[in-house]
Q: 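Take this structure first; my questions come after.
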Amino acid sequence: MVTALHEGLIGITTLDTEETARMLRTLFGLPLTHTSDARIISPDLSECSPSVYRADAAVLYGARGVKFAVITEVQLQPDDDKHLTWPAYLANLRVRDRCQACLVVICPDRATARWAAQAIETGHPGHTLYPLVIGPDNTPVIMEVAEAIGNIGLAAVAAITHSKDPQIKAILATLVEALDSIDPEKAHRYAEYVTVALTGDAQEEMERLMATDTYLYQGKYAQSLIAEGEAKGVLLVLESRGLTLSESDRERILGCTDTATLERWLQRAALVDSVDKLFS
């Protein structure tokens with residue numbers, strides 16, 4: 001299910017690929033050295049299979065010679081079907097982009113993180129998949145502004161994974177102060193993504209900090225993220241059912257910002273036998 005938390009985390013990991021690479025080197029030691037020419041690539045990993053396999057995000061580091069791809073999934077609760085689809089994501093991306101690839105799963109709560117870190121047995125001897133999991137237990141509680149500035153992507157994600165920490169006010173204050181020291185446009189996007197991903201008291205505190213600082217929270221932005229996620233969900237259901245979509249159909253769905261309309265289309269997408277009927 002598409003949520004603000006889900007979209008906020010994906011936004012953070014795709015906002016600045018170099019900062020994301022720094023976070024992944026810090027947490028997992030991944031060989032992400034060719035970051036200047038990194039680019040967001042299609043998360044649709046269905047080319048090599050008649051089934052639809054769509055990850056949450058994918059980034060390709062390196063353009064020539066050595067290339068390395070990172071598939072990112074946000075998992076909010078256990079889902080054993082992912083033990084079947086995650087290996088397919090990796091296999092299809094490796095074939096499509098002809099490079100090594102790894103799977104990173106972000107889990108904001110400990111129980112889901114423990115589930116996601118389980119070994120996935122593929123059946124082939126020596127071929128066991130161990131997802132690289134980002135969760136509360138392996139993200140640091142960042143309380144030093146200099147540390148947050150030096151790894152702002154990790155600081156943003158850690159603020160979300162530690163949203164229940166008793167020190168969350170200090171964690172968020174550190175993050176907001178660090179954002180003052182980076183590019184203003186990028187800082188604004190990080191702040192928005194973190195805010196929409198938080199809930200309850202943590203979100204209220206982030207909004208308060210932003211309102212008193214240079215980042216003014218805009219509720220409309222949160223709605224736009226949710227609408228974007230709903231639109232992607234409509235397309236995913238239609239494509240998984242094998243229905244033909246014209247370019248104008250795609251533009252109409254992705255261009256819709258009314259969540260009530262998108263929710264209605266999402267319900268219809270599972271039932272209609274043509275895209276035309278989706279809009280009627």
Side-chain angles (χ1 to χ4, degrees), residues 1-17 19-20 22-24 27 40 43 55-57 59 70-79 104-113 116 133-143 148 151-179 182 185-211 213 215-233 259:
M1 181 179 66
V2 176
T3 65
L5 170 59
H6 183 281
E7 294 301 288
L9 282 167
I10 289 301
I12 290 170
T13 59
T14 55
L15 173 58
D16 187 320
T17 55
E19 289 295 344
T20 299
R22 183 175 289 109
M23 173 178 68
L24 296 176
L27 294 176
I40 307 298
D56 287 331
V59 178
V70 177
I71 296 171
T72 301
E73 284 274 280
V74 172
Q75 199 66 31
L76 306 183
Q77 60 186 12
D79 179 359
V104 175
V105 184
I106 306 178
C107 303
D109 71 272
R110 284 185 170 81
T112 303
V133 178
I134 298 176
D137 289 333
N138 70 333
T139 49
V141 174
I142 298 178
M143 306 284 279
N151 208 331
I152 199 70
L154 176 59
V157 171
I160 297 168
T161 59
H162 292 291
S163 63
K164 304 299 183 183
D165 192 289
Q167 303 180 91
I168 186 58
K169 288 187 177 182
I171 293 170
L172 293 177
T174 301
L175 174 63
V176 170
E177 188 174 346
L179 291 174
I182 68 172
E185 182 177 351
K186 185 165 67 174
H188 188 74
R189 297 289 298 280
Y190 271 124
E192 288 174 328
Y193 285 134
V194 170
T195 303
V196 299
L198 294 171
T199 59
D201 293 343
Q203 186 180 69
E204 291 180 5
E205 177 63 13
M206 187 66 180
E207 289 177 357
R208 187 190 68 78
L209 289 168
M210 291 168 66
D213 206 88
Y215 313 109
L216 181 61
Y217 175 69
Q218 300 175 16
K220 290 183 178 179
Y221 185 77
Q223 291 301 314
S224 71
L225 280 181
I226 295 172
E228 181 182 347
E230 293 275 8
K232 291 178 180 177
T259 54

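Bear in mind that the values here come from a model prediction, so they are computed numbers and not experimental data. Atom set for the values below is all heavy atoms of this structure, side chains included, hydrogens, waters and symmetry mates excluded.
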Q: Between Tyr190 and Asp16, does the side-chain contact (heavy atoms from CB on, under 4.5 Å) criterion hold? Intermediate values first, please.
A: CA-CA 9 Å; Tyr190 271 124; Asp16 187 320; 3.6 Å; yes
Q: Any idea which heavy atoms bring Ile106 and Thr72 closest together, and the distance?
A: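 Residues Ile106 and Thr72, closest heavy atoms: CD1-CG2, 4.0 Å.
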Q: Counting only heavy atoms from other residues, nucleotides and ligands, does the tally under 6.0 Å from CG of Asp137 exceed 12?
A: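 More than 12 within 6.0 Å, yes.
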Q: With a 3.5 Å distance limit and no angle check, can you tell me whether Thr195 reaches the backbone of Glu207 through a side-chain donor-acceptor pair?
A: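 Between the backbone of Glu207 and the side chain of Thr195 there is no qualifying donor-acceptor contact (under 3.5 Å).
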Q: For the CZ atom of Arg208 and the CG atom of Asp201, what is their distance to the nearest 0.5 Å?
A: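 Output value for this atom pair is 12.0 Å.
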Q: For Pro108 and Gln75, work out which heavy atoms get closest and say how close.
A: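 The pair with the smallest heavy-atom distance is CD-O, 3.7 Å.
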Q: Verify salt bridge (Lys or Arg N to Asp or Glu O under 4.0 Å) between Glu228 and Lys232, making sure each step is shown before the conclusion.
A: CA-CA 6 Å; Glu228 181 182 347; Lys232 291 178 180 177; 3.3 Å; yes
Q: Measure the shortest side-chain to side-chain distance between Val104 and Glu73 over non-hydrogen atoms and say whether it is less than 4.5 angstrom.
A: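 No, side chains not in contact.
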Q: Can you name the nearest heavy-atom pair linking Ala202 to Ile168, along with the distance?
A: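 What the structure gives for the nearest pair is CB-CG1, 4.1 Å.
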Q: Would you sort out whether Met206 and Val176 count as a side-chain contact (heavy atoms from CB on, under 4.5 Å), showing the intermediate values?
A: CA-CA 8 Å; Met206 187 66 180; Val176 170; 3.8 Å; yes
Q: Donor-acceptor check, side chain of His162 to backbone of Thr139, threshold 3.5 angstrom: yes or no?
A: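 Between the backbone of Thr139 and the side chain of His162 there is a qualifying donor-acceptor contact (under 3.5 Å).
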Q: I'd like to know if Arg189 and Glu185 make a salt bridge, using a cut-off of under 4.0 Å between side-chain N and carboxylate O.
A: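 Salt bridge absent between Arg189 and Glu185.
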Q: Roughly how far, to the nearest 0.5 Å, is NZ of Lys169 from CG of Leu209?
A: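 Interatomic distance, Leu209 CG to Lys169 NZ, rounded to 0.5 Å: 9.5 Å.
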Q: By side-chain hydrogen bond (donor to acceptor under 3.5 Å, both in side chains), which residues pair with Asp109, not counting sequence neighbours?
A: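 Result, side-chain hydrogen bond (donor to acceptor under 3.5 Å, both in side chains) vs Asp109: Thr112.
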Q: Where do Ile12 and Gly153 come nearest, in terms of heavy atoms and distance?
A: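 Residues Ile12 and Gly153, closest heavy atoms: CG2-O, 4.0 Å.
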Q: Give the C-alpha distance, both sets of side-chain angles, the deciding distance and a yes or no for side-chain contact (heavy atoms from CB on, under 4.5 Å) between Leu5 and Thr199.
A: CA-CA 8 Å; Leu5 170 59; Thr199 59; 5.9 Å; no
Q: Sequence neighbours left out, what passes side-chain hydrogen bond (donor to acceptor under 3.5 Å, both in side chains) with Asp165? Give chain and number order.
A: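 Here no residue qualifies.
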Q: Looking only at non-hydrogen atoms, find the nearest pair between Ala178 and Ile152 and report the distance.
A: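 Closest heavy-atom pair between Ala178 and Ile152: CB-CD1, 4.0 Å.
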Q: Within this structure, what is the NE2-CG distance for the pair His188 and Leu15, rounded to the nearest 0.5 Å?
A: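 That separation rounds to 11.5 Å.
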Q: About how many Å separate OG1 of Thr17 and CG of Leu24, when rounded to the nearest 0.5 Å?
A: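 Nearest 0.5 Å value for the CG-OG1 distance: 11.0 Å.
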Q: Starting from the C-alpha separation in whole Å, work towards a yes-or-no answer on side-chain contact (heavy atoms from CB on, under 4.5 Å) for Thr20 and Val59.
A: CA-CA 10 Å; Thr20 299; Val59 178; 5.9 Å; no
Q: Less than 4.5 Å apart, side chain to side chain, heavy atoms only: is that true for Leu198 and Glu205?
A: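 No; the side chains remain at least 4.5 Å from each other.
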Q: Counting only heavy atoms not in Lys186, do more than 12 fall under 6.0 Å of its NZ?
A: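 For Lys186, atom NZ is crowded (more than 12 foreign heavy atoms under 6.0 Å).
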Q: Quick one: CD1 on Ile160 to CD1 on Ile134, what's the gap to the nearest 0.5 Å?
A: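 The CD1 atom of Ile160 sits 11.0 Å away from the CD1 atom of Ile134.
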Q: Are the side chain of Asn138 and the backbone of Val133 linked by a donor-acceptor contact shorter than 3.5 Å?
A: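 Such a contact is found between Asn138 side chain and Val133 backbone.
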Q: Give the minimum heavy-atom separation between Ala57 and Thr14, together with the two atoms involved.
A: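 Heavy atoms only, the tightest pair is CB-CG2, 3.7 Å.
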